[in-house]
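Worksheet: one structure, shown below.
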Amino acid sequence: MSRGLPTGRRAVLAMLGAAAVAGPTPSHAARAAAGRAAVIEMVDAAAAAIARDGYPRALSRSDPAIWSRPDARLYVFLMDLSGTLLLHPDKRAEGRNVINTTDVRGRFFIREIIAACAGHPDGAWTSYVWPSGATGKLGTKHTYSRQVGKVIVSAGYVAADV
C-alpha cells in the first residue's frame with residue numbers, strides 16, 4: 001500500500017495533467033546558465049556605471065538593481081587592487097582588506113580574483129568553496145569580475161543556489 005500517494009487511474013491522470021500544465025522543471029544546467037547570465041549582466045552594468053560616473057558616484061546615479069538582486073541572492077561587491085572592500089552588502093566589511101581571506105580549502109580566492117582581473121580586465125571567472133546564502137551549506141561559488149580603472153567589480157553565485 002502506498003503512503004500518501006494517490007492511487008487509481010483518475011488520480012494518476014490528474015497528477016500527469018498537472019505536471020503537463022506546469023511544464024518541465026528547469027534543469028540544474030539551465031538554472032546555472034541563468035545564474036551565470038544574471039551575474040555577468042550585473043557586473044557589466046556596474047562596470048559601465050563606474051566607467052561612466054566613477055566610483056562612488058555611480059552608486060547614486062544608477063539603478064539599484066545593478067548592485068543588488070535580493071530575490072536572486074545576487075549582489076555586486078567592489079574592491080580596490082589591494083583587496084580592500086569598497087562596497088559589500090555587509091557594511092561592516094567595507095574598508096576591510098580581505099586579500100588574505102581563504103576558503104575552507106585554504107585557497108586565497110581574493111588574490112585569485114585580483115590576478116584574474118589583471119590578466120583579463122574585460123572579465124574573468126574564479127571559483128572557490130563558499131557557504132550558500134540560501135542554505136548555509138558549502139558549495140562552489142562562481143564569481144565573475146571585471147576591472148574598471150583601480151576598482152574590481154565582482155558578483156557570484158553558489159552552484160547549490162541555482
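By convention here, the first residue in the shown sequence is residue 1.
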(message) With a sphere of 6.0 Å drawn around CZ of R61, does it hold more than 12 non-hydrogen atoms of other residues, nucleotides or ligands?
(response)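 Above 12, so yes.
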Using 0.5 Å steps for rounding, measure from the [atom1] atom of [X] to the [atom2] atom of [Y].
X    : Y    : atom1 : atom2 : result
C117 : D122 : SG    : CG    : 10.0 Å
M79  : Q147 : CE    : CD    : 10.0 Å
I110 : T101 : CD1   : OG1   : 5.5 Å

Are [X] and [Y] joined in one hydrophobic group, where the rule is that I, L, V, M, F, W and Y side chains link up if heavy atoms are under 4.5 Å apart?
X    : Y    : answer
L87  : I99  : no
V153 : L86  : yes
L78  : L85  : no
W67  : V151 : yes
F77  : F108 : no

Is a side-chain N or O of [X] found less than 3.5 angstrom from the main chain of [Y], in a donor-acceptor match?
X    : Y    : answer
D53  : R57  : no
S62  : A58  : yes
E112 : I114 : no

Over all heavy atoms of both residues, which pair between [X] and [Y] is shortest? Give the atoms and the distance, please.
X    : Y    : value
T140 : S127 : CG2-CB, 4.0 Å
S68  : M42  : N-CE, 3.8 Å
L74  : A38  : CD1-CB, 3.7 Å
S145 : I113 : OG-CG2, 3.3 Å

(message) Run R107 and T102 through side chain to side chain contact (heavy atoms under 4.5 Å, CB included) and show every step you take.
(response) CA-CA 5 Å; R107 290 181 65 183; T102 60; 5.9 Å; no
(request) Any pair with a residue in residues 79-100 that passes ring pair (Phe, Tyr, Trp, His ring centres under 6.0 Å), sequence neighbours left out, goes on the list, sorted by first then second residue, please. (result)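 Every ring pair (Phe, Tyr, Trp, His ring centres under 6.0 Å) pair that includes a residue of residues 79-100, provided the two are not neighbours, is Y75-H88.
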(request) Assess the side chains of W130 and T143: does a donor N or O sit below 3.5 Å from an acceptor N or O? (result)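 Their side chains do not contain a donor-acceptor pair, so the 3.5 Å distance test is not met.
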(request) Return yes if a side-chain donor-acceptor contact under 3.5 Å exists between T126 and Y144, otherwise no. (result)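 Their side chains do not contain a donor-acceptor pair, so the 3.5 Å distance test is not met.
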(message) H142 vs Y128, test: side chain to side chain contact (heavy atoms under 4.5 Å, CB included). Steps then yes/no.
(response) CA-CA 7 Å; H142 303 281; Y128 47 96; over 6 Å; no
(request) Considering only NZ, NE, NH1 and NH2 on the basic side and carboxylate oxygens on the acidic side, decide whether R69 and E41 come within less than 4.0 Å. (result)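 Answer for the salt bridge query: yes.
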(request) For a side-chain contact (heavy atoms from CB on, under 4.5 Å) with F109, tell me which candidate from V98, V129, D103 qualifies. (result)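 That would be D103.
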(request) For K150, check side-chain contact (heavy atoms from CB on, under 4.5 Å) against everything at least two apart and list the hits. (result)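 K150 satisfies side-chain contact (heavy atoms from CB on, under 4.5 Å) with L81 once adjacent residues are dropped.
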